[in-house]
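Take a look at the following structure, please.
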Amino acid sequence: MTPGAAPSAVPENPSLKELTLVFARIGCLGFGGPAGQIAMMHRAIVEERRWLSEDRFLHALNYCMLLPGPEAQQLATYTGWLLHGVRGGIVAGLLFVLPGLFVIIGLSTAYGLYQEAGWLAGLFFGLKAAVLSVVVEAVIRLAGKTLKTRFLRALALLAFLALFVLALPFPLVVLLAGLAGFLQARRGEAGSLNRHDAPQKLLPSAPSRPPLLRSIASLLFWIGVWQLPLLVLSLISGAESLAAMFAFFSRMALVTFGGAYAVLAYVAQVAVENYGWLQPGEMLDGLALAETTPGPLVLVLSYVGYLVGFRTVPGLDPIVGGTVGALLVAWATFVPSFIWIFAGAPYIERLRGNAAISAALSAITAAVVGVILNLALWFGLHVLFARVARIALFPGWAGEGAPGLWWPDLHSLDAAAAVLFAVSAFLLLRLKLGMVKVLALSASAGLCWRLAGF
């Protein structure tokens with residue numbers, strides 16, 4: 001930094017090649033669900049390279065949290081769009097998904113051929129422990145930078161309790177937080193909410209907002225691109241099961257608020273009971289595969305698509321049919337995310353100077369801290385303990401959506417995972433070792449541990 005430069009100054013936009021290399025790395029290392037992926041993007045984009053300011057990054061994150069679909073992939077697309085327009089958004093969004101998609105296709109092939117994928121979990125044993133330390137670091141860092149007032153700290157706590165204890169719907173929590181921030185600003189307290197989010201002088205220039213008619217034409221074009229496979233499948237004899245599957249997952253893409261866990265139960269029920277695509281329990285096998293791959297956890301849906309194509313398309317080699325099925329589901333699931341960003345981001349960027357809207361988004365940021373803490377705690381419990389169950393707070397009120405607590409069986413603690421997590425956290429938080437080095441060291445240690453037969 002040159003003498004006298006403002007500490008908030010942001011360097012010039014990166015080249016498209018630099019953007020491509022960074023998101024290719026994030027796509028290959030994006031383990032740990034949205035919490036870990038958002039943490040990796042924040043570290044790479046905001047802290048290490050300073051391509052975006054904290055304010056600009058959080059503004060984008062707030063918008064993505066309100067959308068259906070995988071919020072981390074949408075954030076990658078938004079970031080690429082800010083830095084290089086539609087071309088940058090496509091590059092960043094695709095690279096965030098493609099490595100994990102290729103891996104899940106490979107794992108689904110092994111599953112379809114051998115029905116035995118347990119050995120694959122050992123390959124990523126150490127990596128999960130390291131990712132948990134990355135997620136913990138993200139919660140600490142984001143909380144320190146965003147929870148500047150008592151009101152925002154209270155919102156973060158309430159959001160965490162609403163999700164972890166009350167199991168309220170994710171979109172409802174985010175919308176209520178935004179409404180609370182908006183009403184607080186209307187009461188004349190917008191300054192106290194947003195003084196730490198003041199716009200910075202030097203920021204990458206977002207692409208300009210296009211005229212309304214051009215925006216509508218662009219929206220219709222992208223919707224046509226999204227549904228083009230359905231038209232093609234309807235013209236191919238014997239592809240009825242693929243067409244039905246594509247139509248189903250297209251509808252799911254419009255309502256998948258809250259990520260993969262919010263829709264897994266419904267997808268499993270439809271896939272098993274209504275269509276007979278999967279056998280009971282196979283969705284959990286797919287979730288185990290998706291947990292060991294980079295990219296959005298919602299890639300588990302491509303596993304379902306693979307099995308549909310593998311088993312139900314006459315005249316095609318099962319592996320070819322499975323690959324086509326997985327790609328179709330990925331298309332149905334992720335193309336809408338590009339639509340939401342390219343159609344909505346230009347208008348969201350125009351709202352950054354509106355005090356009341358900025359206050360609402362600052363409140364959403366506070367709620368996001370609670371959301372990431374909830375994800376981190378859930379992920380941590382499942383990494384460190386073999387058995388975790390949800391205990392109802394009220395014995396007479398049980399079932400899905402009932403108030404309760406996730407609680408581990410303390411006797412099921414995985415000592416090796418706990419040690420790897422502690423060492424990774426020490427290297428990352430105390431010694432400030434680079435994230436890639438920590439991930440590599442922990443993955444190597446975990447692999448050696450499994451190969452030794454422990």
Shortest non-hydrogen contact from G80 toward L19: CA-CD2, 4.3 Å
Heavy-atom donor-acceptor pair, S302 side chain to G305 backbone, under 3.5 Å: no
W226 backbone acceptor or donor facing W331 side chain under 3.5 Å: yes
Ring-ring centroid check Y111 Y306, cutoff 6.0 Å: no
Side-chain heavy-atom pair V313, V324 within 4.5 angstrom cut-off: no
4.5 Å side-chain heavy-atom contact, L75 and I38: yes
Trace of the side chain to side chain contact (heavy atoms under 4.5 Å, CB included) decision for L168 with L163: CA-CA 5 Å; L168 292 183; L163 291 167; 5.5 Å; no
Side chain to side chain, R251 and F246, heavy atoms closer than 4.5 Å: no
Which atom of W277 lies closest to which atom of F249, heavy atoms considered: CZ3-CE1, 4.2 Å
Non-hydrogen atoms of A129 and A417 that approach each other most closely: CB-O, 3.8 Å
Q37 CD to Q73 CD distance, which is reported to the nearest 0.5 Å: 10.0 Å
F342 ring center within less than 6.0 Å of W222 ring center: yes
Residues V173, F160; criterion side chain to side chain contact (heavy atoms under 4.5 Å, CB included); working and verdict: CA-CA 9 Å; V173 173; F160 168 73; over 6 Å; no
Atom of P294, atom of V103 and distance for their closest heavy-atom approach: CD-CG2, 4.4 Å
Distance in Å, D414 CG paired with L420 CG, rounded so as to fall on 0.5 Å steps: 8.5 Å
Which atom of R25 lies closest to which atom of A44, heavy atoms considered: NH2-CB, 4.2 Å
Any side-chain heavy-atom pair of V91 and F23 under 4.5 Å: no
From CA spacing to verdict: side chain to side chain contact (heavy atoms under 4.5 Å, CB included), F338, V225: CA-CA 11 Å; F338 292 98; V225 169; over 6 Å; no
Candidate pair D409 and V388, rule side chain to side chain contact (heavy atoms under 4.5 Å, CB included), full reasoning: CA-CA 6 Å; D409 179 352; V388 182; over 6 Å; no
Euclidean distance, M40 CE relative to E137 CD, rounded to 0.5 Å: 10.5 Å
Heavy-atom closest contact (Q74 atom, S337 atom, distance): NE2-OG, 3.3 Å
Pairwise distance SG(C64) to CH2(W340) - rounded to 0.5 angstrom: 12.5 Å
Close side-chain approach of L82 and T79, heavy atoms under 4.5 Å: no
N/O donor-acceptor pair under 3.5 Å between E18 side chain and S15 backbone: yes
Nearest-0.5 Å distance that lies between atom CG in L83 and atom CG in L16: 10.0 Å
Beyond-backbone contact of F334 with L299, side-chain heavy atoms, under 4.5 angstrom: yes
Distance (rounded to the nearest 0.5 Å) between L101 CG and T323 OG1: 9.5 Å
Any S250 side-chain heavy atom under 4.5 Å of Q227 side chain: yes
Under 3.5 Å: donor-acceptor pair, side chain of W81, backbone of G88: no
Under 3.5 Å: donor-acceptor pair, side chain of T109, backbone of I105: yes
Check: F96 and P296 side chains under 4.5 Å, non-hydrogen atoms: yes
Polar contact flag, side-chain donor to acceptor under 3.5 angstrom, S424-S133: no
